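Lettering follows sequence order; numbering is per chain, from 1. Keep in mind the model is a prediction, meaning the values are calculated, not measured.
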Amino acid sequence: MAEKNKYLMFLGCAIPYRVSAFEISARKVMQKLGVELVEMPEFNCCGLPLDPVSHEMMLILAARNLALAEQKGLNILTLCPGCAGTLKKVNKMLKEDKALREDINSHLKEAGLEFKGTIEAKHIMQALIEDIGLEKIKNAVVKPLTAFKVAEHNGCHILRPKEYIGFDDPEDPKTLKTLIEATGATCLDYMDETECCGAPSVGISDKIALQLARDKLNHVKMVGAQALVTICPFCHIMYDTNELRIEKMFNETYGIPILHYTQLLGLAMGILPEELAFNELRVDASKILKEAM
Amino acid sequence: MAEKEKERIKASEIDPKFKYEIAKMHGGEKLMRCFQCGTCTSDCPVARFSETYRPRQIIRMTQLGLKDRVLNSDTLWLCASCFTCTDRCPQDVEVASVIRVLRNLAAERGCIPQVFKEQAASILASGYAYKIPDLRIKKRESVGLPPLPRGNPESIRKTLCNVGFAKHIEKKGE
Ligand code: SF4
Ligand code: SF4
């Protein structure tokens, strides 16, 4: 059994590419909660971007990461639901399907690796709720954000396909709401909460992607949320980077800051906004921050 | 009128073995169970804003054996892989995975959008799907983040050396 307060940190590609605020705030929060994050220089992309091109290559790449983690005897912690989803899915597939496992291991052998199926991969949200626990999180909250009214957006790959992910209810997810409420903030319900952000369509059809994001922002605005809280780097990019563009394109005004959950939790734990990389957000969050202070 | 003519299916286009080919592949196994209820299309976020993208139609065309039409179509690449369809299909068809299987076959023919090709080539070259800007790598230290994992592209290529497709991408990515 791998430890519950020590993980191998899995960054993936999107976080180091352009979402460092998530990494910075997540590391601060985990440190305060007494969780140790071990660096793993050999990790590579989880494999997900290869799936549309070659399923086999995706399986091998994901299995390579899992096999490396097994050598350390620690569970993997990811910030990206895409990475978590891929590693969880492949872990389950290879554990359950002996023929597939043997096939993938024949490829890993070339690099001196073997998948055995001895560890788990978890997204930070899953680690927070299952391993660290709500009690401990609540106890760490020293500045409850009672003035905050926010909305949440989960991101698809932390929930679907449910057969492989097996975490929360994809049709009515509760974990992120519970975690938000643990900070003292109110989490508002809104229309089509589980709708995809559209990020995967960027570059294929920007128009479709932006329309999806616009829909979301409209629904969030409609219930009067002061911010939208995400736990996925891609969803965050989709909303934060494109909000101004969507405002211009569709002649709307939102002014809704997009916060990483770990920034919200960090604030409630008394960590200063400067330390949580609020300055990296494209949509100005100073108004909501003022209310928190 | 001309458009109509183009849409009309000719018997010669049909590959009756196509559906079996798909059903043999990982994720495509349950293709034949689809009874065309339309749940996938009606719940698909992309279909909501696209005039051409319809997962139910892709499934039906695949069942019918319209191989070239399916594999050469740009719309195949519109799927956002959100898996809503997979989770909601009353017949347990792994719709998103069937689409992925089709994409893999399309990619083998070279029908693959530039973004996907670039990401795959980047992973083989550096271990990352994107080229991480030097500025970002340097900035990590100043904001107190540990160094970026170097990955191990050498080892990645070793594990992928026996996958025919890896060679294909490397050539294309050069
Ligand atoms: S939801 Fe399932 S059964 Fe219904 S049309 Fe789509 S694939 Fe077919
Ligand atoms: S996985 Fe693709 S086809 Fe299925 S609902 Fe999502 S975008 Fe539509």
(message) Can you tell me if B:Glu13 has over 12 outside heavy atoms packed within less than 6.0 Å of its CD?
(response) yes
(request) Search all heavy atoms of B:Trp77 against all heavy atoms of A:Ile204 and return the closest pair with its distance. (result) O-CG2, 3.3 Å
(request) Considering only heavy atoms and a distance below 4.5 Å, find which of A:Glu163, A:Met40, A:His157 pairs most often with chain B. (result) A:His157
(message) For residues 33-48 of chain B, which residue pairs pass the side chain to side chain donor-acceptor pair (under 3.5 Å) check, not counting sequence neighbours?
(response) A:Glu195-B:Arg48, A:Asp215-B:Arg48, B:Asp43-B:Arg88
(request) Identify the two heavy atoms, one from B:His26 and one from A:Leu100, that lie closest to each other, and give their separation to 0.1 Å. (result) CE1-CD2, 3.7 Å
(message) Need one label for B:Leu78: side chain, backbone, both or neither, based on atoms under 4.5 Å from any heavy atom in chain A.
(response) both
(message) Looking only at heavy atoms and a cut-off of under 4.5 Å, which of B:Val115, B:Thr84, B:Leu105 has the most pairs with chain A?
(response) B:Thr84
(request) Pick whichever of B:Ala96, B:Gly27, B:Pro45 has the most heavy-atom pairs under 4.5 Å with chain A. (result) B:Pro45
(request) Check each atom of A:Leu11 against the heavy atoms of chain B and say whether the ones under 4.5 Å are side chain, backbone, both or neither. (result) side chain
(message) Heavy-atom cut-off 4.5 Å, strictly under: side chain, backbone, both or neither for A:Leu48 against chain B?
(response) neither
(request) Report the option among A:Pro52, A:Cys196, A:Cys45, A:Pro49 that has the most heavy-atom pairs separated by less than 4.5 Å from atoms of chain B. (result) A:Pro52
(message) What part of B:Thr86 gets within 4.5 angstrom of chain A, counting heavy atoms only: side chain, backbone, both, or neither?
(response) side chain
(message) Can you list everything that forms a side-chain contact (heavy atoms from CB on, under 4.5 Å) with A:Val202? Sequence neighbours excluded, please.
(response) A:Asp206, A:Ala209, A:Met238
(request) Select one option (side chain, backbone, both, neither) describing which atoms of B:Lys139 are under 4.5 Å from chain A's heavy atoms. (result) side chain
(request) Check B:Asn104 against A:Asp51 and note the closest heavy-atom contact, atom names and distance. (result) ND2-O, 2.8 Å
(message) At under 4.5 Å between heavy atoms, what parts of residues 89-99 of chain A are in contact with chain B? List them by residue number.
(response) A:Lys89, A:Met93
(request) Could you tell me the separation between the CG atom of A:Leu212 and the SG atom of B:Cys82, rounded to the nearest 0.5 Å? (result) 9.0 Å
(request) Report the option among A:Ala111, A:Cys156, A:Pro200, A:Pro161 that has the most heavy-atom pairs separated by less than 4.5 Å from atoms of chain B. (result) A:Pro161
For a quick test of your reading: what N or O donor-acceptor pairs under 3.5 Å do the side chains of residues 14-25 of chain A make, sequence neighbours left out?
from, atom 1, to, atom 2, distance (Å)
A:Ser20, OG, A:Glu280, OE1, 2.8
A:Ser20, OG, A:Glu280, OE2, 3.4
A:Ser20, OG, B:Arg136, NH1, 3.3
A:Glu23, OE1, B:Arg140, NH1, 3.0
A:Glu23, OE1, B:Arg140, NH2, 3.4
A:Glu23, OE2, A:Arg27, NE, 2.9
A:Glu23, OE2, A:Arg27, NH2, 2.9
A:Glu23, OE2, B:Arg140, NH2, 2.7
A:Ser25, OG, A:Ala21, O, 2.7
A:Ser25, OG, A:Phe22, O, 3.2
A:Ser25, OG, A:Thr262, OG1, 2.8

(request) Could you have a look at A:Gln211, A:Glu39, A:Lys207, A:Glu42 and say which one has the most heavy-atom pairs with chain B under 4.5 angstrom? (result) A:Gln211
(message) So for A:Glu171, is it side chain, backbone, both, or neither that comes closer than 4.5 Å to the heavy atoms of chain B?
(response) side chain
(message) So for A:Phe10, is it side chain, backbone, both, or neither that comes closer than 4.5 Å to the heavy atoms of chain B?
(response) neither
(message) Given heavy-atom pairs under 4.5 angstrom as the criterion, report whether the side chain, backbone, both or neither of B:Ile156 touches chain A.
(response) both
